[in-house]
Each structure stands twice: as C-alpha cells, then as structure tokens.
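Excluded from the calculations below are hydrogen atoms, water molecules and symmetry mates; all remaining heavy atoms, backbone and side chain alike, are included.
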Amino acid sequence: KTGLVTLFFSSSIFINAQTKSNKVAPIISYGSAENAGMSAERIARIDSMCISAIKEGDLPGIVALVARNGKIVYNKAFGTSNADTKKALKTDDIFRLASQSKAITATAVMMLWEQGKFRLDDPVSKYIPEFKNPVVLDSLLADGSYTTTPADKEISIRHLLTHTSGIGYGVIDGDDRFKKIYDKAGIIDLFTTKNISIAENTKKLAILPLHHNPGEKFTYSESYDVLGYFIEIISGLPFDKFLRTHIFNPLGMDDTWFYLPDSKADRLVSVQKKEDGKWENYPITFYDTNYPINGAKKFFSGGAGLSSTAEDYAKFLQMYLNQGVYNGKRLLSRTTVNIILANQINDLWGENPNVVYGLAFAIQSQKGEEKGESGSEGTFSWGGYFNTQYFADPKEQVIGIILKQTQGPVDDKTGWKFPILVAQSIDD
C-alpha cells in the first residue's frame, strides 16, 4: 500500500512539474549577428580577448558564447582541453559547472513551490527533522569539541536559497574553525567520487553548529546540497532524475549531467593549473577532478555537482529570459521568475550598491547599470569554482557565457572584459 502511494505521489509530480504553454518565445538556435541586432565586426573583438589570454599564458583554453533574442551569434573555442594531450578545445566540450549548478537547483525548488508543496519560510526541519533546534558555534576547543548557544530561529527554505542559513562550506570556508569541524564530521563539501549520498551528508551536516543565527548574515554555504535532498523528499524522486525529467529534458539539455554517460566522457575538459609558467592537469587533492566520470557516481551535489556545455546552459538562461517558458513548455510562471530575480536579502550581501542577491543569482541594480558594471539593470549572473561565468540581460535579451577550467592563481581578465565586449556589440 505504501509503495502504491509513493508511486502515485511520484507520478503526480512527473505530470505536473512543467506544463504546456501557448506563449511564443525564442528557443536557442544559430543566427547572424546582424539579424540579432549586433555588430559582427564588434563582436569579433571577443576573438582578440580569447587569443590574447591564451597567448599570454593567462588561460589554457576558453569557450565563449553570445546569444541575443534566442539566436547564438557567437560560439567559439580557443586553446586546449588537456595539458597532456594538447587536444584542441571544442565548443561542445563539457565543463564542470560547480556553483553554476545552484541556479538549476533553485529552479527545481521553485517548480515544486509553485505546486503548493511548501512555503518558502517553512522551517526545513518540517521536512528534514535532523535540522530541528539548530545551534550557533561559540568556540572550538583544542580537543576538537566545541561550545554552542541555541539559534534564535529555525532554518527556513528561504534561508537555504539565499545563503543566510548560517551553514558553512567546510574546506573552502573562510572560518578555519568550520574547516576543522566539517572535516572531523566527514562532511563532503563540493563533489566526490566516494560512495555517499546527499541524504547521508545532509543528515550529518544538520547537527553541526552554524556560523550565525539564520537570516542574520550572508554566508556562502552547502545549503544547495541540502536543497537537493529536500527536492528528493518533496518530489519522491532521486534528485538527478527530477532534474532530468523536469528541467533537462524539456529544455533539451542533453549534455548536462552530474555524472557523464560513457559516450560523453571523452568530451570532459581537464582542470588545469599553472606550475612554473606552464599549464598542467590538476592532481587529486581533497577531491578528484574526474568526479564526473569516476567513482561511485552517487553524490548529486545541488551546489556544485553538474557539468555541461555552453550551449546547454544558454538554453537554461533563455528559459529565464522567456519568463519561464521554453519550447512550448512552461517550467516557471512569470510571477515566480520575478520572485527569483528580486532582492531577497536586502543589504545582507554587503555594501555594494551595484548588485543585489535573489535566489541563486546576483542581480544588477540601476546603480550598477549606470556605472557600467555588467549589463542593464536586472541582469542576472553567477560563476563557478573552476573559473566559469555567465550573465543574462532581460532588457537587451542577451546571454553571455565563458567556460574555462582552472584552479589556483590565474591572471584572468576575461571575466570582467567579456560583459563589456558583449554589450558594446549591440547595434540596433
């Protein structure tokens, strides 16, 4: 009987998570710069940026994509994808997205929210009981134990979406105390080849102390891995299957995976680091950079686990520019997109008036537009741990994506140059 209930529940999610739409909206395809209102001569300046970055040794390789009104007007690859083989990088090569996974996870959360499955300000302990009665760290003692005080409120779903939960990020955390606490507890911080699930990791994480009271500060965290497990509980589906069924398949994102099928593994770009002036493939450290093709393939990290291509990610961003619709399917309501792209944490993100923080996106303010930061007011963007960046400008209907795979110090100027070169190419 229980099995039949679970099957019915999962089937209902399968049917209802995305719906048909009569809205006519662009889908990603190729077109000319001129027809999209852009200057081919000016957009060619991106060539110079990429060629110079590789020639000067700032990057081993880069893929850059520009789309406007749903038309890809620029998609080129430069440099190499592997330091050992010197294989030429291709536009359909697959990159580790790392934190670019967060926007996809947030989308999945909000698709379920639209069905009335929960409220954004519900305590997460309502669905994951281990989070009940959170505590805040006071001090870490020499023997590895610690003292705490009770938090003044429960962690909510909104806190998880906005990185205001107080949860930390272990090995990449800015506070060494949390690095030690998370390490001792065996927390997986980003991605792994180990045989562990997000459910197991989340339950261990839930009983650890917080940086601060929920909602008090912005602390970049593992909250999106928690949300991955939350999606499994609410939907009744494994997280990877929910994304495949309700986001990737409807958008035609056939090259986006937590773990790559064997047929796609040879397209994975190697992570590289610079050593004595030369690029070399990154070694195994606290994680194995080959996690998308090696190991247990069991840990579906909502905060950092996905790999994809520039073209696939453009489809995802185009869905947002279309206000939730793509290829005849509505994934999100226009009203929900507006919520996702609204300032959700007021000034908790810092004192920079040029950007605000929504649900997984940094969003350009009017002051940012006026200062020439990165596109028009409302432009949303983010990046990833392995040196990837994207932005989408709703006013100009422009998408820009640059994918690289590096670790360690790099003198990479493409991150700030790229939005300028895209914007100056607009010619309408």
Review point. Of all heavy-atom pairs between Asn343 and Ile345, which one has the smallest distance, and what is that distance?
Key: OD1-N, 3.2 Å

Check your understanding: If only atom types and distance count, is the side chain of Ser221 paired as donor or acceptor with the main-chain N or O of Gly168 below 3.5 Å?
Key -> no

**Study point:** Under 3.5 Å donor-acceptor, Gln424 side chain and Leu421 backbone
**Key:** yes

**Study point:** Verdict with reasoning, Asp92 to Lys90, per salt bridge (Lys or Arg N to Asp or Glu O under 4.0 Å)
**Key:** CA-CA 5 Å; Asp92 67 345; Lys90 297 179 180 179; 6.0 Å; no

Review point. Do Thr193 and Asn294 get their side chains close enough for a donor-acceptor pair, meaning under 3.5 Å?
Key: no

Check your understanding: Hey, are Arg158 and Asp121 close enough for a salt bridge, meaning a charged N less than 4.0 Å from a carboxylate O?
Key -> yes

Check your understanding: Do the side chain of Thr80 and the main chain of Ala83 share a donor and acceptor less than 3.5 angstrom apart?
Key -> no

Practice item. Keeping the roles fixed (side chain from Gln272, backbone from Pro60), state whether a donor-acceptor pair exists under 3.5 Å. Key: no

Check your understanding: Is there a donor-acceptor pair under 3.5 Å between the side chain of Ser301 and the backbone N or O of Leu190?
Key -> yes

Practice item. Check salt bridge (Lys or Arg N to Asp or Glu O under 4.0 Å) between Lys367 and all other residues, then give those that pass, not counting sequence neighbours. Key: none

Review point. Among all residues two or more places apart in sequence or in another chain, which pass the salt bridge (Lys or Arg N to Asp or Glu O under 4.0 Å) test with Lys126?
Key: Asp122

Review point. With no hydrogens and no angle check, is any side-chain donor or acceptor of Asn82 less than 3.5 Å from a backbone partner on Asp84?
Key: yes

Exercise for review: Output, in order, the C-alpha distance, side-chain angles, deciding distance and verdict of side-chain contact (heavy atoms from CB on, under 4.5 Å) for His212 and Thr219.
Suggested key: CA-CA 9 Å; His212 49 75; Thr219 300; 2.7 Å; yes

Practice item. Answer yes or no: are there more than 12 heavy-atom neighbours, outside Asn22 itself, under 6.0 Å from its atom CG? Key: no

Check your understanding: Between Lys273 and Glu275, is there a side-chain N and carboxylate O pair less than 4.0 Å apart?
Key -> yes

**Study point:** Full working for side-chain contact (heavy atoms from CB on, under 4.5 Å) between Glu396 and Val422
**Key:** CA-CA 11 Å; Glu396 298 293 349; Val422 173; over 6 Å; no

Review point. Just one of Phe286, Tyr259, Tyr291 clears the ring-ring contact (aromatic ring centres under 6.0 Å, His included) bar with Phe191, so which one?
Key: Tyr291

**Study point:** Lys71-Ser29 side chain donor-acceptor pair, cut-off 3.5 Å
**Key:** yes

Practice item. Would you confirm whether Lys23, through its side chain, and Val325, through its main-chain N or O, come within 3.5 Å as a donor-acceptor pair? Key: no

Check your understanding: Just checking, any donor-acceptor pair under 3.5 angstrom between side chains of Gln389 and Asn387?
Key -> yes

Review point. Is it the case that more than 12 heavy atoms not belonging to Lys297 sit under 6.0 Å from its NZ atom?
Key: yes

Review point. Restricting to pairs with a member in residues 55-96, which pass ring-ring contact (aromatic ring centres under 6.0 Å, His included), not counting sequence neighbours?
Key: none

Revision key, fill the gap. Closest heavy-atom pair, Tyr229 versus Ala199, reported as atoms and distance to 0.1 Å, is CE1-CB, 3.4 Å

**Study point:** Ser125 and Glu154 side chains, donor-acceptor separation under 3.5 Å
**Key:** yes

**Study point:** Sequence-distant partners of Asp347, salt bridge (Lys or Arg N to Asp or Glu O under 4.0 Å), two or more places apart
**Key:** none

Review point. Considering residues, nucleotides and ligands other than Lys264, do more than 12 of their heavy atoms fall under 6.0 Å from its NZ?
Key: yes

Point to revise | Qualifying salt bridge (charged side-chain N to carboxylate O under 4.0 Å, His left out) pairs with a residue from residues 224-245, counting only residues at least two apart or across chains | key: none

Point to revise | Ring geometry between Phe361 and Phe380 (parallel below 30°, tilted from 30 to 60°, perpendicular above 60°) | key: perpendicular

Practice item. Decide yes or no on side-chain contact (heavy atoms from CB on, under 4.5 Å) for Thr289 and Gln407, but give the supporting numbers first. Key: CA-CA 10 Å; Thr289 55; Gln407 277 287 275; 5.8 Å; no

**Study point:** Shortest non-hydrogen contact from Ser307 toward Arg96
**Key:** OG-CA, 3.6 Å

Check your understanding: Are the side chain of Lys298 and the backbone N or O of Ser197 linked by a donor-acceptor pair below 3.5 Å?
Key -> no

Practice item. Could you check if a side-chain atom of Ile340 sits within less than 4.5 angstrom of a side-chain atom of Met110, using non-hydrogen atoms only? Key: yes

Study note, to complete from the structure: Contacts satisfying salt bridge (charged side-chain N to carboxylate O under 4.0 Å, His left out) that involve residues 410-424 (not counting sequence neighbours) are Asp58-Lys413, Lys404-Asp412, Asp411-Lys413

Study note, to complete from the structure: Heavy-atom closest pair (Gln405 atom, Ser270 atom, distance to 0.1 Å) is CB-O, 3.6 Å

Study note, to complete from the structure: Applying side chain to side chain contact (heavy atoms under 4.5 Å, CB included) to Ser308 and not counting sequence neighbours gives Leu97, Thr256, Asp312

Exercise for review: Using the salt bridge (charged side-chain N to carboxylate O under 4.0 Å, His left out) rule, collect all pairs that involve residues 419-428, keeping only residues at least two apart or in two chains.
Suggested key: Arg68-Asp428

Practice item. Carefully, step by step, assess Leu331 and His246 under the rule side-chain contact (heavy atoms from CB on, under 4.5 Å). Key: CA-CA 8 Å; Leu331 280 71; His246 301 300; over 6 Å; no

Exercise for review: Might you point out which heavy atoms bring Asp393 and Thr379 nearest each other, and give the distance in Å?
Suggested key: CG-OG1, 3.2 Å

Practice item. Applying side chain to side chain contact (heavy atoms under 4.5 Å, CB included), name anything that partners Asn338, two or more places apart in sequence or on another chain. Key: Arg334

Point to revise | Under 3.5 Å donor-acceptor, Ser81 side chain and Val269 backbone | key: no

Practice item. Using modelled atom types only, decide if a donor and an acceptor are shared between the side chain of Glu56 and the backbone of Ala53 within a distance under 3.5 Å. Key: no

Review point. NZ of Lys153: more than 12 outside heavy atoms within 6.0 angstrom?
Key: yes

Check your understanding: Are Thr336 and Glu114 close enough, and set up right, to give a side chain to side chain donor-acceptor pair (under 3.5 Å), and what steps lead you there?
Key -> CA-CA 8 Å; Thr336 302; Glu114 286 189 330; 2.5 Å; yes

Point to revise | Residue pairs, two or more places apart or on separate chains, that pass salt bridge (charged side-chain N to carboxylate O under 4.0 Å, His left out) and touch residues 30-45 | key: none

Review point. Counting only heavy atoms not in Lys180, do more than 12 fall under 6.0 Å of its NZ?
Key: no

Check your understanding: Does a side chain donor of either Tyr326 or Gln18 reach within less than 3.5 Å of an acceptor in the other side chain?
Key -> no

**Study point:** Partner set under ring-ring contact (aromatic ring centres under 6.0 Å, His included) for Tyr169, not counting sequence neighbours
**Key:** Tyr220

Review point. Quick one: ring-ring contact (aromatic ring centres under 6.0 Å, His included) partners of Phe178, sequence neighbours excluded?
Key: His211

Practice item. Quickly, which of Phe242, Phe131, Tyr127 forms a ring-ring contact (aromatic ring centres under 6.0 Å, His included) with Phe230? Name it, please. Key: Tyr127

**Study point:** Considering all heavy atoms, the nearest Tyr224-Leu359 contact
**Key:** OH-C, 3.9 Å

